[in-house]
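Working notes, beginning with the structure itself.
Keep in mind it's a predicted model, so treat the numbers as computed, not measured. Residue numbering restarts at 1 for every chain, and letters A, B, ... go by the order of the sequence lines.
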2 protein chains.
Amino acid sequence: MTKADSNVDRIYEKLRKMAAYFELKPDARINESALSTELGASRTPLREALNRLVAEGFLTFQSGRGFFCRPLSPKLILDLYEARVAIETEIVRLVCRRASDEELQDLMEFLKSTEPDYDSCEDPMELLSMDEAYHMRIAALSQSNELVRILENLNDRVRYIRLVDLKYLRGKTPVSTQEEAQLSAHRVVLTALINRDEDKAVSTMRHHIERRRDEATEAVRIAYSQLYVPAD
Amino acid sequence: MTKADSNVDRIYEKLRKMAAYFELKPDARINESALSTELGASRTPLREALNRLVAEGFLTFQSGRGFFCRPLSPKLILDLYEARVAIETEIVRLVCRRASDEELQDLMEFLKSTEPDYDSCEDPMELLSMDEAYHMRIAALSQSNELVRILENLNDRVRYIRLVDLKYLRGKTPVSTQEEAQLSAHRVVLTALINRDEDKAVSTMRHHIERRRDEATEAVRIAYSQLYVPAD
DNA sequence: GAATATGGTACTGTATACAATTTTGAGTGC
DNA sequence: GCACTCAAAATTGTATACAGTACCATATTC
């Protein structure tokens with residue numbers, strides 16, 4: 001599904017990953033010729049992919065000067081988290097009204113089955129994938145393609161910071177308690193959904209995300225130091 | 001600001017308008033050569049603009065077959081309205097916490113000053129512009145660029161249906177009462193904001209948009225009949 | 001007559017060339 | 001040492017060419 005058949009899709013996927021993880025440094029100018037040879041294609045399809053990424057907020061574009069990587073600032077990351085709150089709270093609201101008991105029970109099974117993995121997993125990247133997968137599964141139950149679409153975009157753009165957050169900030173507390181809190185939030189939301197307690201589900205989801213948002217500024221600072229320091 | 005300096009920006013803006021108003025019929029295939037000569041440019045910049053529009057949800061793309069206009073279905077429009085609810089309720093919440101009394105008073109002045117225009121205006125297009133302008137002014141007070149950005153995209157994509165709604169559905173009731181309801185909703189939200197009554201502001205905004213959403217299915221039906229009928 | 005093969009046409013996908021513009025850096029004057 | 005000038009180099013913007021693919025209409029077979 002995410003699999004790209006055409007060439008420009010392939011370039012696009014690759015670039016999106018590069019942009020997501022800031023392999024292209026913030027605000028740096030993109031050299032089209034260099035990048036095109038690096039990716040094994042000519043500038044025409046490359047520019048098509050770059051234009052898509054501009055529209056998605058991964059890159060910026062200045063007429064006559066070319067493409068630039070997106071900036072990375074605390075304000076921007078806060079904005080992304082705030083947008084996530086807007087989208088995910090509405091998703092929870094819709095799920096509460098639309099999901100069948102069966103669907104919610106399936107999700108609970110999924111949650112229970114992944115709990116051992118959460119506990120044992122030490123790789124932040126993998127933890128993040130599991131967390132995102134869970135959030136996207138809830139999103140799917142909202143039956144709103146548009147909310148899903150927007151959430152995917154927001155997740156992609158905030159992923160690097162979440163990774164840094166997971167690795168350098170929440171690593172301070174033991175993994176077990178840290179993930180317990182995370183898991184319990186997931187459980188509380190889902191339990192509230194099963195009980196059709198909309199207000200509780202919504203407010204728990206809101207606080208779950210807002211807690212992370214409050215760490216974002218610090219995470220951005222660390223992200224910068226990571227990006228502009230020789231690899232560890 | 002919306003003014004495009006470069007050529008691809010010019011093409012992009014023009015195409016976005018065409019797509020917004022379904023001058024390109026739903027699901028129709030786009031002939032790149034024909035369109036490029038029509039727009040007075042070659043296929044290269046045209047395709048760059050088309051790729052941006054794909055990313056923004058105005059067009060779809062199938063590898064090997066080219067670009068297509070976006071589909072128009074009741075479900076899709078409902079999704080867009082639901083996303084608007086998500087974004088605008090969160091915007092109102094943030095405005096309630098962040099906007100200064102002065103900013104809110106300014107907005108109230110703006111609202112009062114445009115009321116005569118609402119009453120006298122018979123052109124749906126103009127009414128819609130005024131309504132959107134008001135909503136975007138509130139959005140600006142949220143201080144969240146991301147929410148503003150998403151809302152702009154949603155507005156663009158739902159505009160044609162809102163226009164049809166305004167023209168063919170709400171035209172049934174006298175303009176005066178119809179716009180009164182609209183205006184009063186705006187006033188109620190703003191008054192609640194001034195009183196820092198977050199819950200009231202949020203729920204009023206929610207219902208204000210949901211009321212329109214409920215008319216959407218019918219509006220889509222009418223939109224179809226308008227699009228596939230010789231011009232009136 | 002329906003289904004399938006086939007050839008031609010039209011369109012998309014991408015490389016490349018070149019013009020236009022911006023950037024860079026050496027040189028000059030103060 | 002600093003600012004300014006200007007030409008060379010690098011880079012972007014766009015047209016065009018051509019290869020590859022999908023599409024369509026006609027023909028052919030059962």
> In B/S/- notation, 5' to 3', how is nucleotides 10-16 of chain C contacted by protein heavy atoms closer than 4.0 Å?
Replying inline: -SBBBBB
> In whole angstrom, what separates Leu46(A)'s CG from dT14(D)'s P?
Replying inline: 16 Å
> Thinking salt bridges, do Arg98(A) and Glu103(A) make one under a 4.0 Å N-O criterion?
Replying inline: no
> Is it true that Glu90(B) and Arg206(A) make a salt bridge, defined as a side-chain N closer than 4.0 Å to a carboxylate O?
Replying inline: yes
> What ring-ring contact (aromatic ring centres under 6.0 Å, His included) pairs are there with at least one residue in residues 52-96 of chain A, not counting sequence neighbours?
Replying inline: Phe61(A)-Phe67(A)
> Can Asn155(A) and His135(A) be counted as having a side-chain donor-acceptor contact under 3.5 angstrom?
Replying inline: no
>> I'd like to know if Arg70(B) and Asp27(B) make a salt bridge, using a cut-off of under 4.0 Å between side-chain N and carboxylate O.
In response: no
